[in-house]
Amino acid sequence: MSTSTTASVSTHILDTSIGRPAEGVAVRLSARAGQRAHYGQGGDWQALGGSATDADGRCKDLPALPEGTTHVRLDFVVEPYFEKFAKKQADAQQDAPANRDSGAVFFPEVAITFAVKAGEHYHVPLLLNPFGYSVYRGS
């Protein structure tokens, strides 16, 4: 929950290749603060912890952001998800090129970095498939 001195963050993942939430994806949350916290000009990332997506593809227990946070990074560890569900996805997209032939996941991790302001809530959904992804600021 955001306060007047902090921002808050939530996320969820939809696997667009099968039209369902992505369950069991590890999500790590990091933050940095200060006026020079952008564009590599100082401000180290502080790991805050993480969670995993539930059956609805949501992380309901991400850690709170510290006061003074100006930038947030969400790291989604998607490789184990795609490895676990490769058979389901191959069946659901029979006409698409299959990543199972290459033996590797094309995007093993997705890192999303965004700016925040105190008092605001940021919902950042990830739309994911084996060969691409998209993010946006939700509500």
Side-chain angles (χ1 to χ4, degrees):
M1 176 194 294
S2 63
T3 69
S4 62
T5 60
T6 63
S8 62
V9 173
S10 61
T11 190
H12 76 270
I13 305 173
L14 177 65
D15 182 338
T16 59
S17 67
I18 58 173
R20 300 200 183 279
E23 181 179 7
V25 176
V27 180
R28 296 183 304 250
L29 178 68
S30 301
R32 62 183 178 188
Q35 295 177 343
R36 295 184 47 154
H38 58 287
Y39 310 116
Q41 298 177 2
D44 293 328
W45 287 106
Q46 175 187 358
L48 301 176
S51 184
T53 55
D54 62 14
D56 196 30
R58 298 183 181 276
C59 284
K60 295 182 179 172
D61 56 353
L62 288 173
L65 297 175
E67 189 171 325
T69 296
T70 57
H71 294 84
V72 172
R73 186 175 69 210
L74 289 169
D75 291 298
F76 300 89
V77 184
V78 299
E79 186 170 33
Y81 168 79
F82 281 125
E83 288 174 344
K84 182 176 180 183
F85 296 104
K87 172 114 174 68
K88 285 183 185 179
Q89 290 172 348
D91 292 345
Q93 54 174 334
Q94 293 180 17
D95 294 332
N99 64 348
R100 67 184 180 278
D101 295 336
S102 68
V105 174
F106 190 65
F107 292 109
E109 293 185 8
V110 175
I112 307 301
T113 303
F114 53 99
V116 298
K117 291 183 182 178
E120 297 277 330
H121 176 73
Y122 297 85
H123 183 66
V124 183
L126 174 64
L127 305 177
L128 182 66
N129 70 66
F131 305 103
Y133 62 88
S134 178
V135 297
Y136 61 97
R137 181 175 179 183
S139 58

Colleague: Do the side chains of K84 and E23 get close enough for a salt bridge, i.e. N-O under 4.0 angstrom?
Modeller: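 So K84 does not pair with E23 through a salt bridge.
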Colleague: Can you spot which of Y133, F76, F82 makes a ring pair (Phe, Tyr, Trp, His ring centres under 6.0 Å) with F107?
Modeller: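 Testing F107 for a ring pair (Phe, Tyr, Trp, His ring centres under 6.0 Å) against Y133, F76, F82 leaves exactly one candidate, Y133.
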Colleague: Between OG1 of T11 and CG of L29, what distance do you get to the nearest 0.5 Å?
Modeller: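 It comes to 10.0 Å.
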Colleague: Any idea which heavy atoms bring V27 and C59 closest together, and the distance?
Modeller: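 Nearest pair, atom of V27 first, then C59: CG2-SG, 3.6 Å.
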Colleague: Under 6.0 Å from the CZ atom of R20, do we count more than 12 heavy atoms belonging to anything else shown?
Modeller: no
Colleague: Could you tell me how the ring of H12 sits relative to the ring of H123: parallel (under 30°), tilted (30 to 60°) or perpendicular (over 60°)?
Modeller: parallel
Colleague: Do V124 and F114 touch side chain to side chain, with heavy atoms closer than 4.5 Å?
Modeller: yes
Colleague: To check you understand the geometry: which heavy-atom pair defines the closest contact between S30 and A47, and what is its length?
Modeller: OG-CA, 3.9 Å
Colleague: When rounded to the nearest 0.5 angstrom, what is the spacing between CZ in R58 and CG in L14?
Modeller: 10.0 Å
Colleague: For the atom pair OG1 (T69) and CG (L48), what is the distance rounded to the nearest 0.5 Å?
Modeller: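 So the gap between those two atoms works out to 7.0 Å.
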Colleague: Any chance you could measure Y81, atom OH, to I13, atom CD1, to the nearest 0.5 Å?
Modeller: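 Between atom OH of Y81 and atom CD1 of I13 there are 8.5 Å.
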Colleague: Would you please say whether a donor-acceptor pair under 3.5 Å links the side chains of H71 and T113?
Modeller: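 No, T113 and H71 have no side-chain donor paired with an acceptor closer than 3.5 Å.
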